[in-house]
Structures are given as structure tokens and as C-alpha cells.
Amino acid sequence: MGVAVWKEEFVNKIEEADIKDEWKLVVDENLLKGDRGLYYTQNTFAGFNCSKCRHHWKSSKVYILFLMNQNKTSKQGTVKMRIFRQECKTCTADVFEIPKITHENIKRVVRNVVTKIQKKFYSMHDPNEDLKPESFGRLEGPHDKEHCEACKHNLCDWQVQPG
């Protein structure tokens with residue numbers, strides 16, 4: 001699913017949450033921790049296809065990083081988002097592939113992000129827990145740290161530890 005789906009879901013959830021300020025979702029392919037703001041992370045489930053050898057795999061550890069900032073004066077907020085990719089483990093292409101996240105899981109992740117905005121920026125209480133991702137298909141073994149982009153940036157819960 002493309003960026004437009006993420007942005008559309010975000011706008012819908014902001015409206016449903018009755019947040020009066022203007023918020024926008026921006027994809028930032030270079031986002032890492034370091035800038036000022038509220039960081040929030042999510043793991044979701046997705047499928048991958050290698051663009052070189054056509055190998056398919058699924059992962060329940062697709063790491064997504066969000067950075068939220070609000071300008072109270074202008075009543076605007078921005079959420080930067082980066083979806084981390086994974087490399088194929090069956091070929092040596094060294095290409096990070098983009099995850100294919102279902103629409104249902106996009107909705108769940110976006111709902112969790114909007115709930116975090118409500119809590120942290122508007123002191124609105126939401127008794128609901130974060131929605132867990134919906135999984136599909138069979139997983140093949142544990143998280144592959146060596147081929148996870150987030151692990152290589154020392155962000156993932158399962159990050160590669162230096163030898």
C-alpha cells in the first residue's frame with residue numbers, strides 16, 4: 001500500500017478523534033532518532049518480495065518510527081514516519097525491500113499513532129491498549145537481525161549487537 005493510503009487513514013483517524021488542530025503525516029526516508037520531538041515506535045506484520053531473486057517472506061517485526069511535533073501557536077502538528085525495510089536472506093543482492101503492509105494493519109498502526117497524539121498533546125484519555133497487528137500466513141523462524149534495516153541502525157528491539 002502506498003503513502004496515500006497512510007495519509008488518508010491518518011486524516012480519517014484525526015477527524016474521528018475530534019482533534020481540532022491541523023495534523024499532517026509526512027514520510028521521511030532518513031528519519032532516525034536524534035531530532036527534538038516525541039518518538040513513537042510500532043512493529044507490524046508484513047510480507048516482502050525480493051526484487052532480484054523473487055524470494056517471498058513474512059515478518060512480524062516490521063519496525064516503524066514516528067516523530068511527532070506540535071506548534072501550539074499555529075495549531076498545527078506534524079508526524080514524520082519511516083517504515084524500515086528488510087533484505088532478502090536467500091540472495092546477495094543487498095537490496096532493502098519495502099514491506100507490503102495490509103490495509104488493516106495500516107489502520108491499526110495509524111489508530112495507535114492518533115491515540116498517542118491524543119494522550120501526549122491533548123491530555124485526552126483513551127483506555128484502549130495499542131492495537132496489535134493482524135498476522136497472516138506462516139512465519140519462518142526468529143527475527144533475522146542481519147537483514148533488518150532497523151537493527152542496522154540500532155533501533156529495533158532485536159538489534160544486532162557488536163561482536
Heavy-atom count check: over 12 atoms from other residues, nucleotides or ligands less than 6.0 Å from Lys100 NZ?
yes
Can you pull out every ring-ring contact (aromatic ring centres under 6.0 Å, His included) where at least one residue sits in residues 9-32? Sequence neighbours excluded, please.
Trp23-Phe121
Atom pair CD1 (Ile98) and CZ (Arg85), whose distance is rounded to the nearest 0.5 Å
6.5 Å
Does a side-chain heavy-atom distance below 4.5 Å link Met68 with Lys120?
no
Roughly how far apart are Arg82 CZ and Thr41 OG1, rounded to 0.5 Å?
14.0 Å
Looking only at heavy atoms, the pair that brings Val26 and Thr78 closest together is CG2-CG2, 4.0 Å
What distance separates Asn30 CG from Lys80 NZ, expressed to the nearest 0.5 Å?
10.0 Å
Between OG1 on residue Thr44 and CG on residue Leu131, distance to nearest 0.5 Å
10.5 Å
Determine whether Ser59 and Pro99 make a side-chain contact, defined as any pair of heavy atoms from C-beta on separated by less than 4.5 Å.
no
Got a second to check how far Met81's CE is from Tyr40's OH, nearest 0.5 Å?
13.5 Å
Does anything in residues 66-106 pair up under ring-ring contact (aromatic ring centres under 6.0 Å, His included), and if so which pairs, sequence neighbours excluded?
Tyr63-Phe84
Walk me through it: do Val110 and Asn12 pass the test side-chain contact (heavy atoms from CB on, under 4.5 Å)?
CA-CA 10 Å; Val110 168; Asn12 291 342; over 6 Å; no
For Asp18, salt bridge (charged side-chain N to carboxylate O under 4.0 Å, His left out) partners two or more places apart
Lys20
Which value, rounded to the nearest 0.5 Å, describes the distance between Ile101 atom CD1 and Glu134 atom CD?
13.0 Å
Please assess Ile19 against Val114 for the test side-chain contact (heavy atoms from CB on, under 4.5 Å), listing each intermediate value before the final yes or no.
CA-CA 9 Å; Ile19 295 173; Val114 171; 4.3 Å; yes
With sequence neighbours left out, the residues meeting ring pair (Phe, Tyr, Trp, His ring centres under 6.0 Å) with Tyr122 are none
Please answer: with hydrophobic residues joined when any side-chain heavy atoms are less than 4.5 Å apart, are Ile14 and Val3 in the same cluster?
yes
Using a 6.0 Å cut-off, check whether atom NZ of Lys13 has over 12 heavy atoms from anything other than its own residue.
yes
Looking at residues at least two apart in the chain, or sitting in another chain, which of them share a salt bridge (charged side-chain N to carboxylate O under 4.0 Å, His left out) with Glu9?
none
For the side chain to side chain contact (heavy atoms under 4.5 Å, CB included) test, which of Lys89, Gln86, His147 pairs with Trp57?
Gln86
Is the shortest heavy-atom distance from the side chain of Arg108 to the side chain of Pro133 under 4.5 Å?
no
Looking at Glu149 and Lys152, is any side-chain nitrogen of the basic one under 4.0 Å from a carboxylate oxygen of the acidic one?
no
Given 3.5 Å as the limit, does a donor-acceptor pair link the side chain of Asn69 with the main chain of Arg36, or not?
yes
Which residues share a ring pair (Phe, Tyr, Trp, His ring centres under 6.0 Å) with His56, sequence neighbours left out:
none
Could you tell me whether the side chain of Met124 reaches within less than 4.5 Å of the side chain of Ile117, counting heavy atoms only?
no
Worked verdict on Val27 versus Trp6 for side-chain contact (heavy atoms from CB on, under 4.5 Å)
CA-CA 9 Å; Val27 174; Trp6 285 89; over 6 Å; no
If you count every heavy atom of other residues, nucleotides or ligands that lies below 6.0 Å from Leu38 atom CG, does the total exceed 12?
yes
For a side-chain contact (heavy atoms from CB on, under 4.5 Å) check, start with the C-alpha distance between Gln76 and Glu22, then their side-chain angles and the critical distance, and finish with the verdict.
CA-CA 5 Å; Gln76 294 179 329; Glu22 181 183 326; 3.9 Å; yes
Would you name the heavy atoms of Asn43 and Ser60 that are closest together and state the gap between them?
CB-O, 4.1 Å
